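Here's the structure we're looking at; comments come further down.
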2 protein chains.
Amino acid sequence: MPTNLGFALLGLIHKTAMSGYDLRKVFAETALGNYSSSPGAIYPALARLEKQGLVTGEEDRSKSLRPKKIYRPSADGKKIFKAWLSQEVTKYDISHNYHELMLRFAFHDALDDRKATRRFLRELASGLEEVIADLVSQRKMIPETEPVQTRLALEAGLEQLRASARWAHNSIRYFPDD
Amino acid sequence: MPTNLGFALLGLIHKTAMSGYDLRKVFAETALGNYSSSPGAIYPALARLEKQGLVTGEEDRSKSLRPKKIYRPSADGKKIFKAWLSQEVTKYDISHNYHELMLRFAFHDALDDRKATRRFLRELASGLEEVIADLVSQRKMIPETEPVQTRLALEAGLEQLRASARWAHNSIRYFPDD
DNA sequence: TCGCACATGTAACGTGTTACATGATTCA
DNA sequence: TGAATCATGTAACACGTTACATGTGCGA
């Protein structure tokens with residue numbers, strides 16, 4: 001199973017076939033940058049995906065530059081990518097892997113299935129409520145002897161989660177039923 | 001220089017001397033859990049800290065259980081820990097390392113210096129405004145042809161940052177100037 | 001005596017980071 | 001001709017993950 005970086009690469013070439021260099025530029029220039037734009041990460045990741053049969057790299061010598069390798073997802077690659085997108089949203093992911101969830105959402109258009117995206121957002125919203133409730137009860141259990149910072153740090157997390165929950169609720173309307 | 005996990009360990013034993021097992025429990029039971037509670041991470045991290053002279057582990061056979069090793073920060077360890085806490089808040093950290101910033105804040109009481117904590121929050125708040133402004137202009141540059149998800153994913157990040165900025169502003173009052 | 005909580009570790013593995021290496025093409 | 005940009009990669013290293021190994025003492 002690919003890593004987040006692998007899925008990000010898969011997602012980008014799913015839309016448009018690209019070389020490793022092109023991919024690096026996308027990472028460098030967009031908010032995807034969190035998933036690293038260093039050649040030491042991207043080229044090995046592409047090689048792994050190719051070895052696993054999830055992408056195919058085709059040399060392009062049309063421009064007589066040093067040959068580019070243009071990557072495309074294979075049938076298997078598309079299948080695995082879509083399965084990744086369609087996974088259930090778990091509480092675990094929400095508290096330990098939020099970045100991955102947002103990565104998945106960002107690529108959700110590849111599914112071309114408003115119902116699936118709606119489900120994603122609904123699951124996210126309700127998962128968030130649960131995680132928020134957990135944190136609220138954790139907050140209650142912080143003894144008075146703890147420094148303010150402890151409570152405030154928890155509060156910071158809470159506020160981010162609340163913002164996310166509002167966002168998820170508001171976003172559902174962009175994927176109407178029918 | 002220790003990793004985030006190393007600093008988290010340093011921060012916990014700074015307050016109360018503890019064994020590796022105790023530390024694991026703290027990680028398992030609190031929101032710190034993001035920094036891993038697996039023995040394969042914690043024991044090697046403690047060993048590294050000890051080799052670097054930042055902590056000292058003293059065997060405790062008082063209870064005749066399998067001997068505990070109680071860890072304490074060394075003078076060097078305290079110095080490095082406080083230097084870490086006192087670091088400037090950079091835009092880079094805000095966009096690529098937000099977790100570490102919150103970890104730092106959570107341990108800020110070790111500094112016992114309201115001025116430093118105020119400075120941290122002020123720098124965080126103003127850094128956040130800048131990062132938010134950057135994202136807003138990035139959002140403007142997303143072509144219409146992009147799927148809604150692209151814009152919404154960026155929006156999700158924005159809302160989290162805005163929530164953080166509000167939190168930072170509101171939190172400053174807990175650290176009054178004298 | 002069986003299992004559980006206490007307590008500490010090691011080994012294999014994958015992956016990301018940084019830094020370096022290589023080479024073609026364009027343009028001043 | 002020399003620098004910048006295009007383009008792909010490798011090598012060393014550190015770290016975290018998972019899984020396993022080992023052993024003590026207590027209570028049912």
Side-chain angles (χ1 to χ4, degrees), chain A residues 1-10 13 17-29 32-52 54-71 92-93 96-97 99-100 103, chain B residues 1-10 13 17-29 32-52 54-71 92-93 96-97 99-100 103:
Chain A
M1 198 60 36
T3 63
N4 284 352
L5 175 58
F7 281 119
L9 295 169
L10 221 32
I13 63 174
M18 269 188 273
S19 68
Y21 191 76
D22 295 333
L23 287 161
R24 280 181 64 198
K25 280 193 295 186
V26 175
F27 282 100
E29 289 161 13
L32 242 60
N34 302 66
Y35 298 95
S36 178
S37 63
S38 78
I42 287 183
Y43 290 109
L46 284 168
R48 278 197 302 276
L49 289 172
E50 194 167 16
K51 211 172 68 183
Q52 292 168 97
L54 305 181
V55 308
T56 58
E58 197 197 349
E59 306 236 329
D60 171 16
R61 284 203 176 68
S62 59
K63 323 266 184 303
S64 62
L65 284 175
R66 180 171 177 174
K68 272 189 183 197
K69 251 168 105 180
I70 306 293
Y71 287 96
Y92 183 88
D93 284 337
H96 299 291
N97 256 341
H99 276 356
E100 188 191 325
L103 188 64
Chain B
M1 198 60 34
T3 62
N4 284 354
L5 176 57
F7 281 118
L9 295 169
L10 220 34
I13 62 174
M18 270 189 272
S19 69
Y21 191 74
D22 295 333
L23 287 162
R24 280 180 65 196
K25 281 193 296 185
V26 175
F27 282 99
E29 290 162 12
L32 243 59
N34 302 67
Y35 297 96
S36 179
S37 63
S38 78
I42 287 185
Y43 290 109
L46 284 169
R48 277 197 304 276
L49 289 172
E50 194 167 14
K51 211 171 72 183
Q52 293 168 95
L54 304 181
V55 309
T56 59
E58 197 196 348
E59 306 235 329
D60 172 15
R61 283 202 176 71
S62 59
K63 324 269 184 295
S64 62
L65 285 173
R66 179 168 177 177
K68 273 188 181 195
K69 250 166 106 180
I70 307 292
Y71 288 96
Y92 182 89
D93 285 336
H96 300 289
N97 256 339
H99 277 355
E100 188 191 326
L103 188 63

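Convention: sequence-line order gives letters A, B, ...; per-chain numbering from 1. Because the structure is predicted, anything quoted here is derived from the model rather than measured.
Legend: residues meeting side-chain contact (heavy atoms from CB on, under 4.5 Å) with A/N4, ordered by chain and number and at least two apart, are A/Y35, A/E100, A/L103. In this view, B/F7 and B/W84 satisfy the ring pair (Phe, Tyr, Trp, His ring centres under 6.0 Å) rule, not counting sequence neighbours. Partners of A/E29 under the salt bridge (Lys or Arg N to Asp or Glu O under 4.0 Å) rule, at least two apart in sequence or in another chain, do not exist in this structure. By the side-chain contact (heavy atoms from CB on, under 4.5 Å) test, B/E58 is found to be paired with B/R72, residues two or more places apart in sequence or in another chain being considered. When the ring pair (Phe, Tyr, Trp, His ring centres under 6.0 Å) test is applied to B/H99, no partner is found at least two apart in sequence or on another chain. By the side-chain hydrogen bond (donor to acceptor under 3.5 Å, both in side chains) test, B/D93 pairs with B/T90, sequence neighbours left out.
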Run the side-chain donor-acceptor check on residues 20-28 of chain B: report pairs under 3.5 Å with partners two or more places apart or on a different chain.
residue, atom, partner, partner atom, Å
B/D22, OD2, B/S19, N, 3.3
B/D22, OD2, B/S19, OG, 3.0
B/R24, NE, B/S37, O, 3.2

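Contacts with DNA chain C (heavy atom under 4.0 Å) in residues 19-28 of chain A: none are found. Taken residue by residue, residues 32-41 of chain B places heavy atoms nearer than 4.0 Å to DNA chain D at B/S36, B/S38, B/G40, B/A41.
Between the CD atom of A/E29 and the P atom of D/dC6 there is a distance of 10 Å, given to the nearest Å. Spacing between atom CG of A/D60 and atom P of C/dA24 amounts to 17 Å, rounded to whole angstrom units. Atom CG in B/L46 sits roughly 12 Å away from atom P in C/dT10 (whole-Å rounding). Atom OH of A/Y43 and atom P of C/dC20 are 19 Å apart (whole Å). To the nearest angstrom, P of D/dT8 lies 13 Å from CG of A/L9. Across the protein-nucleic acid pair, B/E59 atom CD and D/dG23 atom P stand 16 Å apart, rounded to whole Å. Distance CG (B/L49) to P (D/dC15): 10 Å, rounded to an integer number of Å. The CD1 atom of B/I42 sits 13 Å away from the C1' atom of D/dT17 (whole-angstrom rounding).
Each of A/I13, A/L5, A/L54 was checked for a side chain to side chain contact (heavy atoms under 4.5 Å, CB included) with A/L49, and the lone residue meeting it is A/L54.
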Which atoms of nucleotides 12-15 of chain C (N or O only) lie under 3.5 Å from a protein N or O atom, and what are those distances?
residue, atom, partner, partner atom, Å
C/dT15, OP2, A/R48, NE, 3.3

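Recorded end-axis angle for the helix from C/dT1-D/dA28 to C/dA28-D/dT1 stands at 10°, based on five pairs per end and rounded to 10 degrees.
Nearest approach of B/I42 to B/S36, heavy atoms of both residues: CD1-O, 3.9 Å. Across all their heavy atoms, B/M1 and B/Q52 have their closest contact at N-OE1, 4.0 Å. The two residues B/P44 and B/G40 make their nearest non-hydrogen contact at CG-O, 3.2 Å.
We find the OG1-CD distance between B/T56 and B/E50 to be 7.0 Å, quoted to the nearest 0.5 Å.
A salt bridge (Lys or Arg N to Asp or Glu O under 4.0 Å) check over residues 32-46 of chain A, counting only residues at least two apart or in different chains, returns nothing.
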